[in-house]
Structure formats: C-alpha cells, structure tokens
Amino acid sequence: MKPVDVFPGSRRLVKGAIPPSSLLLIGPSGVGKTIFCKQFIYTGLLVGEPCIYVTTNESPEEIEKSMKTFGFDFESYKDNKLFRVVDGCSWKLGGESSSEYAVDSQHDYLTALSIEIKKAKQDLNNIRLVLDSVSELTSLCDHDAVLNFLQILTARIRTEGGKAICTLAFGAHDDHFMNLLRLTCDGILEMKLDDSGEELKRLLRIFSLRGAKHKTNWTPFEITDKGIVVKSETELRCVLCSKLIDWEPITKIIDGKKYCFDTVDCANTYKKFKSIYGNSFE
Amino acid sequence: MNTGKTLAFHSYKGGTGKTTLVANLAATFAMMGMRVCLLDFDLYAPSLTAYFRKTPELFLNDVLAGDAKIIDVLVDVSSELGLKGKLFLGFSSPKKSDIYEIEILHDMKWQYAAIRRFLAAKKELFSEYEIDYVFLDTSPGIRYWALNTIATADFLFLLMKISDMDIIGTKRMIKDIYESLTELGSKYFIILNKVAGASPIHEFNVKEAKERMLWETEVKKDIGAEVIGSIPCFCDIQFDKHEFLCAINQPKHQFSRRLLEIANKIKGIG
C-alpha cells in the first residue's frame with residue numbers, strides 16, 4: 001500500500017513510524033489548526049482507520065461542508081459508520097444535532113461529552129480522534145475538570161492503539177495550564193503565523209513527539225484547495241533522481257565537485273553514468 | 001525500508017531468447033510469491049506487448065517523457081495468471097513514431113531528464129509499491145538505452161548463445177562496459193541460452209546435463225565471468241508461433257525447471 005502522511009507533513013517531519021499517540025496542536029486563531037485536523041481525519045479514513053471528530057466549535061454540517069471544500073470525500077465512510085462526529089456544538093446554536101452522538105446542553109458538559117465519545121467508539125478499534133478544541137472546553141468548564149477529562153481520553157486512545165489530535169488556541173491560557181496540558185499529551189505540534197515578510201507565512205513544527213525521531217525546526221506550509229501542504233525549508237533534491245531529500249543527504253565528492261544524493265544507491269548509479277558518459281552527464 | 005533489487009537482462013546480439021527468458025523468469029519469481037515488475041526497456045524494438053498480447057493505453061515512453069506516473073503505466077497480470085505473488089508489466093510503445101522519438105528526435109538534455117524520470121519511477125516502485133524485483137528487458141548491444149538500463153541495475157545478466165560471434169562480442173562488451181560498472185558495485189553473470197546438442201523434450205537425460213556443464217566451464221574459462229545457468233535449445237519453445245509463459249503453463253517442462261534453478265540462484269545472490 002502506498003504510504004501516506006499520518007498528519008499533514010508527517011513523512012517529511014518524522015522519521016519512521018509514528019507510535020500510538022495523542023498530540024496537542026497549538027496555534028493562533030486562523031493559522032489552520034482545524035483544516036489540519038480534518039486532513040488528519042481524512043487520511044485516516046483513506047487508510048481504513050475509523051475516525052471520530054469531536055467538535056465544540058462547528059456543527060456537523062459545517063464540518064462536512066468545510067471538508068468537501070478541500071475535496072475530502074468522506075460520504076462513503078460516513079455511510080459505513082467509519083466517520084462519526086461527536087457534536088458538542090449544535091446545542092449552542094439552538095438546533096437539533098444531525099449526529100447521533102450529541103451533547104444537548106451545558107449541564108455536566110464534560111460528563112455528557114465523555115459518554116457520547118464512549119458511545120461513538122464502542123465498536124471501533126485503532127481509531128483516530130480529533131478534539132477541536134480544548135480552548136472551547138475551558139470556556140465551558142473549569143480547568144482542572146478539562147485536564148482530568150483529557151488525561152482519561154488520551155490515556156484510553158493510547159492504550160487502544162489509536163491516535164488523537166487536540167487543538168488549543170495559543171495565548172488563551174496561562175502557563176500553568178499549558179504546562180500541565182503538554183504533560184498530558186505524547187507530542188506537541190506548534191503552528192504560527194509569520195508576517196515579517198511581504199506575504200503572510202504559515203509555519204509548523206514538532207516541538208516534541210515521544211518515541212519518534214523528528215525534525216524540530218519551523219517548516220513552512222500552505223493551505224491549498226486540497227488541504228495543507230507542508231513544504232521543505234531547503235528543497236534539497238537528489239542530483240540523480242531529483243527526489244526531495246527530507247533527511248540527511250548522502251554527500252560525495254566526484255571529480256572534485258560535491259554532490260548530494262538521496263541514497264548511497266543513487267550516488268553509485270550517478271558514478272556509473274559518469275563512467276559511461278563522462279562529464280557530459282551532469 | 002524495502003530493499004528491492006533491479007535485474008537487467010542484456011546481450012551483445014539479438015536473437016538470444018532474452019525476452020522469452022526474462023518474461024518466464026519474472027513469472028517464475030511471481031509464482032514463488034515475490035512482487036515483481038517487468039519493464040520492457042527494449043525501446044527500439046519492443047516486444048512485450050506482442051508476447052503478452054496487451055494493448056495498453058500508456059507506455060514507459062510516457063513515463064520517460066514526464067507525461068505519466070509509473071503506476072498508471074503498469075498492468076497487473078497476477079490474477080489472470082493465477083500467481084501467488086504479483087507480476088506488473090510496463091510496456092514500451094511499438095509505434096514507429098515513438099521509437100523514432102527515443103532513437104533520434106530528442107537531444108541529450110531530454111535523454112538525461114528521461115534517465116532521471118526513469119530512476120525516480122524505479123525508486124517509487126520499491127519504496128511505495130514494495131516491489132521485490134524489477135526486471136529490465138534491455139535492447140541488445142551497446143545502445144543508448146541499453147547502457148542506461150544496465151547502469152541502473154544491481155545485477156546484470158548477459159545472455160549468450162554458444163557461438164563465436166556471441167562469445168567475442170560479449171567478451172568485448174564486458175571489457176568495455178561491464179568491468180567499470182563492477183568497480184562501482186554492479187555484479188554480472190552469464191546465462192547460456194539455446195545451448196545446442198541436446199534437447200531433452202521428453203525426459204531429462206544425462207548426456208544433456210554433461211554437455212551443459214562442459215559449456216558452462218568452458219565459457220567461464222574463456223570469458224572470465226560466472227555462468228549462473230544454462231538452458232538447452234528447446235525446439236518446441238523456439239519455434240512455437242506463440243510461446244506463452246511456459247514457466248506457468250508447463251511447470252514440469254525442462255525449460256521451466258532450468259528457470260527455477262536460475263531463479264533460486266538469483267535469490268541466493270541477493
């Protein structure tokens with residue numbers, strides 16, 4: 001099966017497989033956290049993993065409409081019950097939820113949300129879950145209760161072999177709460193906006209990820225009509241096959257010139273072509 | 001990470017039975033459960049479309065031109081052949097205009113870009129489609145795309161008949177090209193095909209085995225390269241109007257058995 005990103009840019013930013021984990025995605029409003037989460041869900045569906053989207057900010061209809069905008073065709077997965085929305089938002093809008101997993105009031109909100117999540121995932125294994133957003137939960141419930149809720153949720157996801165992403169608005173919480181949240185999750189993804197140049201830039205980095213080797217530098221990304229595309233900060237390509245080199249290049253000095261290759265095999269093949277065609281092969 | 005291997009099948013002259021052998025050998029590997037991709041890189045005289053009786057919409061020529069992805073070109077024949085593993089085929093275009101383009105029309109800049117596209121596609125086969133072996137059927141002789149394909153291979157198999165013309169030409173080719181590639185990591189082997197003097201159609205006979213061994217020893221001594229196998233000349237294969245994958249259709253045929261021996265030796269070397 002063709003390998004795909006676990007989350008946008010993961011194959012470029014993480015070396016090897018990503019262990020079962022809960023990730024906290026921190027970033028300012030408008031940076032692209034929600035799209036990131038929807039893409040995480042959609043790529044999960046594509047590889048046959050059941051997905052649950054826990055929403056506190058958008059109704060199920062808004063989520064579906066937005067996913068369609070990016071070409072994330074989830075309908076068949078929804079029909080097969082592989083894609084489920086736990087609706088923690090519609091009650092605020094005063095309407096009926098279209099989801100069979102819905103919280104209907106603010107009363108004992110976290111308990112109700114836990115029950116609905118449990119119902120949604122009871123017949124599923126190895127799930128992907130998104131919780132968008134933790135910040136909204138803190139506006140409805142006290143911080144300790146939210147922390148407790150997240151600790152239980154992330155621990156269950158991890159032990160069940162799943163993956164989760166929880167979003168958090170940057171700058172909306174005090175340091176104490178942020179530090180406790182960071183400890184709760186297995187990894188921290190950070191997003192930021194950079195408006196120092198002529199164009200607004202979006203950047204992503206993996207601050208930490210337990211059990212995996214990863215890059216830690218800020219990497220630019222764009223929101224395209226097909227979702228988030230993570231770019232390379234250097235765009236270093238193999239001299240032979242032109243493949244983008246994500247990790248350390250293989251460097252060789254050939255006829256006094258330094259060349260970068262994707263693999264040792266590419267370096268040797270390049271030398272073979274040089275031996276056949278001489279310096280005309282560049 | 002997938003550590004698939006590239007095997008190129010080459011010869012000094014045409015008529016060595018290269019395409020029949022490589023198609024059957026690739027099928028033998030797939031019968032053994034491997035994930036195999038056979039690419040027709042005899043771009044100047046394509047024959048796999050005729051051998052497999054396929055009329056694909058896209059060709060390897062489109063990959064070289066940057067107009068198609070390798071996965072869109074491949075034809076999966078595993079189910080129709082009832083294989084345990086997988087056999088994907090990549091055809092080159094038999095159209096006169098396409099052969100003319102590759103042979104004459106394009107300049108070196110285009111050709112080098114095409115080499116890079118080919119290498120990227122081959123890498124994709126290993127990394128994204130978990131292919132164990134890529135088989136390259138090359139053009140005979142010292143021609144541009146024959147050299148390109150052998151330069152990208154881990155293992156090179158030189159097919160030859162027992163004739164002075166083949167022996168002298170093969171020796172020259174080894175000296176001029178193969179030895180420099182060997183210094184850079186390639187390994188090459190001889191396969192003797194259409195060995196005359198014994199055609200054991202009905203049963204294995206001792207005389208034929210002795211003959212083959214003698215030839216293998218003599219060629220090894222003369223050319224200085226390891227002979228990985230030899231296959232007698234089988235009239236029923238050579239003169240069949242449409243010989244088709246004897247290795248699958250007649251697994252007990254001596255030809256199929258020899259190929260199985262060669263396949264096991266190749267697996268042993270990498």
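- The parts of A:Val239 that come within reach of chain B are both its backbone and its side chain, each placing non-hydrogen atoms under 4.5 angstrom from that chain.
- Other residues, nucleotides and ligands contribute only 12 or fewer heavy atoms inside 6.0 Å of the NZ atom of B:Lys187.
- Surrounding CD of B:Glu57 are at most 12 heavy atoms belonging to other residues, nucleotides or ligands under 6.0 Å away.
- Using a 4.5 Å cut-off between heavy atoms, B:Ala153 contacts chain A through its backbone alone, with no side-chain atom that close.
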Query raised in the report: Would A:Phe281 and B:Ile115 satisfy side chain to side chain contact (heavy atoms under 4.5 Å, CB included), going step by step from the backbone distance to the final call?
Result: CA-CA 11 Å; A:Phe281 187 80; B:Ile115 291 173; 4.0 Å; yes
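- Of the options B:Thr152, B:Leu184, B:Thr6, B:Asp154, a side-chain contact (heavy atoms from CB on, under 4.5 Å) to A:Thr269 is made by B:Thr152 and by none of the others.
- Between B:Tyr144 and A:Tyr277, the ring planes lie tilted relative to each other; the angle falls in the 30° to 60° range.
- The two residues A:Cys241 and B:Ala120 come nearest to each other via the heavy atoms O-CB, 3.6 Å.
- The 12-atom threshold is exceeded at NZ of B:Lys265, counting heavy atoms of other residues, nucleotides or ligands nearer than 6.0 Å.
- Rounding to the nearest 0.5 Å places OG of B:Ser180 at 13.5 Å from NZ of A:Lys271.
- Chain A forms more heavy-atom pairs under 4.5 Å with one residue of B:Asn148, B:Ile177, B:Leu181 than with any other, namely B:Asn148.
- To the nearest 0.5 Å, atom CG of residue B:Asp176 and atom CD1 of residue A:Ile276 are 11.5 Å apart.
- With a 4.5 Å cut-off on side-chain heavy atoms, A:Ser280 and B:Met108 do not count as touching.
- Note that the CG atom of B:Leu119 and the OH atom of A:Tyr270 stand 12.0 Å from one another [nearest 0.5 Å].
- For B:Ile71, no part sits under 4.5 Å from any heavy atom of chain A, backbone or side chain.
- Counting heavy-atom neighbours within 6.0 Å of A:Arg156 CZ, excluding the residue itself, gives a total of 12 or less.
- Under a 4.0 Å N-O distance rule, the pair A:Asp265/B:Lys123 does not qualify as a salt bridge.
- For NZ of B:Lys220, the number of neighbouring non-hydrogen atoms (other residues, nucleotides, ligands) closer than 6.0 Å is 12 at most.
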